[in-house]
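The sequence lines fix the lettering, A, B, ..., with proteins before strands; numbering per chain opens at 1.
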Protein chains: 2
Amino acid sequence: MNKLSYKISEFAENCGVNKETIRYYERKNLLQEPSRTSTGYRIYSSDDVKRVRFIKRVQELGFSLSEIYKLLGVIDQDNIRCQGMYDFVSQKEEELQKQIEDLKRVETMLKDLKQRCPDVKQLHECPIIEMLIVD
Amino acid sequence: MNKLSYKISEFAENCGVNKETIRYYERKNLLQEPSRTSTGYRIYSSDDVKRVRFIKRVQELGFSLSEIYKLLGVIDQDNIRCQGMYDFVSQKEEELQKQIEDLKRVETMLKDLKQRCPDVKQLHECPIIEMLIVD
DNA sequence: CTTGACCGTGTACCTTAGTACACGGTTTAT
DNA sequence: ATAAACCGTGTACTAAGGTACACGGTCAAG
């Protein structure tokens, strides 16, 4: 049963976030200004719940809020939705691959450093330190 | 030719960092208080250059400054140097592997999302969005 | 002997993604 | 009618790793 109007606390809980986070997203223009009661309370719909959950899901894929802001711009425009989305995902995938490569390179370096260690590790000279301290 | 005394600007330049960064490292106790001229100017040696470069190199391996702080504590103690260093590197390697696994999982999800896209991407319905919007 | 280039200290500011709180109005239950 | 539990706004704070000023003292060259 989809409710048609939530106040901020119930809304936030439904979205799985803090209500301060909702206000924060509003400030960051990820959510447009909600309608208000006569006394100024924010009112949200179940579409808004979907939007916040969408944001959270995309965020888990490694997108920053500012990237999501741009992404929502593309989605909200509606006509070039699909191409924009595809490009967005493709670009992020590329970034991710670079990041993974970087981490792997570091991993290799760490492994390499470890291999230089002598069997008796109570020595005063540490080859790892020597390696990192050169010139 | 190793100079025996640098003032902060020359020192920072030699280390490849900003001089504010040097002061910052001092505040964070990564560098001990340097000796001073009679008028209070900081004086550094080429050993200090090595130390900062060491910090930078280790930082590039993915260690945070607070980890490096602990690491320097181990190194400065000198007697259990090697064991401490080995453990440090081993632990970081493990963390790194977890991080790589996480990123790979996301990469797989992105690839999966892309595959759902139709050949003609000018459609109004975008399967990526549909996938991410499901409640 | 004065100008510019240093140096000192302390503090504010930056980014990201929020969290926390204080002060005051509103709504709901008793 | 009054207290609890909401809501509003604005501001400050968090972590990490710095950067950027402002204000004042110092040092070297002309």
For this session: Would you please confirm or rule out a distance under 4.0 Å between OP1 or OP2 of dT11(D) and any side-chain N or O of R27(A)?
Result: no
Exercise. How does each nucleotide of nucleotides 22-29 of chain D score, in 5' to 3' order, for protein heavy atoms under 4.0 Å: base (B), sugar-phosphate only (S), or none (-)?
Worked result: ---BBS--
Problem set entry | Gap between atoms CG and P, on N29(A) and dA17(C) respectively (whole Å) | 15 Å
Problem set entry | Separation of atom CD1 in I55(B) from atom P in dA16(D), rounded to whole Å | 16 Å
Exercise. Between R116(B) and D112(B), is the closest basic N to carboxylate O distance under 4.0 Å?
Worked result: yes
For this session: Tell whether R23(A) reaches the base of dG10(D) with its side chain through a donor-acceptor pair below 3.5 angstrom.
Result: yes
For this session: In whole angstrom, give the distance that lies between atom CD of E10(A) and atom P of dT27(C).
Result: 17 Å
Problem set entry | Closest contact, heavy atoms only, E67(B) versus F88(B) | O-CZ, 3.3 Å
Exercise. Is the shortest side-chain N/O distance from K56(A) to OP1 or OP2 of dG18(C) below 4.0 Å?
Worked result: yes
Problem set entry | Enclosure of K111(A) NZ (heavy-atom neighbours >12, cutoff 6.0 Å) | yes
Exercise. Within this structure, what is the CD1-to-C1' distance between I22(B) and dG17(D), rounded to whole angstrom?
Worked result: 13 Å
For this session: Decide yes or no for I55(A) and L65(A): does some side-chain heavy atom of the first lie under 4.5 Å from some side-chain heavy atom of the second?
Result: yes
Exercise. Can you list the steps and then say if E101(B) with R105(B) is a salt bridge (charged side-chain N to carboxylate O under 4.0 Å, His left out)?
Worked result: CA-CA 6 Å; E101(B) 283 321 300; R105(B) 212 168 316 119; 5.7 Å; no
For this session: Name the closest nucleotide to the N18(A) side chain, picking from dA20(D), dT19(C), dC7(D).
Result: dT19(C)
Exercise. Below 4.0 angstrom from OP1 or OP2 of dG8(D), is there any side-chain N or O of R42(A)?
Worked result: yes
Seminar exercise, completed: Between its two end axes (five pairs each) the helix from dC1(C)-dG30(D) to dT30(C)-dA1(D) turns, nearest 10 degrees, through 30°
For this session: For Y25(B), report the nucleic acid contact type (base, sugar-phosphate, nothing); a contact means any heavy atom under 4.0 Å.
Result: sugar-phosphate
For this session: Specify the separation, in whole Å, of atom CG of L30(A) and atom P of dT16(C).
Result: 12 Å
Exercise. Would S45(A) and D48(A) count as having a side-chain donor-acceptor pair, cut-off 3.5 Å?
Worked result: yes
For this session: Write down the distance between OH (Y69(A)) and P (dA17(C)), rounded to a whole number of angstrom.
Result: 15 Å
For this session: Rounded off to whole Å, could you give me the CD1-to-P distance for the I8(A) and dT19(C) pair?
Result: 12 Å
For this session: Go through the steps for E95(A) and K92(A) under the test salt bridge (charged side-chain N to carboxylate O under 4.0 Å, His left out), then give the verdict.
Result: CA-CA 5 Å; E95(A) 278 172 41; K92(A) 196 67 190 181; 3.3 Å; yes
Exercise. So if you build clusters from Ile, Leu, Val, Met, Phe, Trp, Tyr with side-chain heavy-atom gaps below 4.5 Å, do Y41(B) and Y44(B) land together?
Worked result: no
For this session: Take the protein atom NZ of K19(B) and the nucleotide atom P of dT19(D), then report the distance between them rounded to whole Å.
Result: 11 Å
Problem set entry | Same apolar cluster (I L V M F W Y, side chains within < 4.5 Å links), I43(B)/V17(B) | no
Exercise. Should E20(B) and R23(B) be marked as a side chain to side chain contact (heavy atoms under 4.5 Å, CB included) after you check the CA-CA gap, both sets of side-chain angles, and the distance that decides it?
Worked result: CA-CA 5 Å; E20(B) 309 289 343; R23(B) 295 210 311 126; 4.0 Å; yes
For this session: Please determine if a side-chain N or O atom of R36(A) lies less than 4.0 Å away from the OP1 or OP2 oxygen of dT9(D).
Result: yes
Exercise. Would you say a side-chain N or O of Y24(B) is under 4.0 Å from OP1 or OP2 of dA16(D)?
Worked result: no
Exercise. Which nucleotide in the list dG17(D), dT9(D), dG18(C) gets nearest to the side chain of Q59(A)?
Worked result: dG18(C)
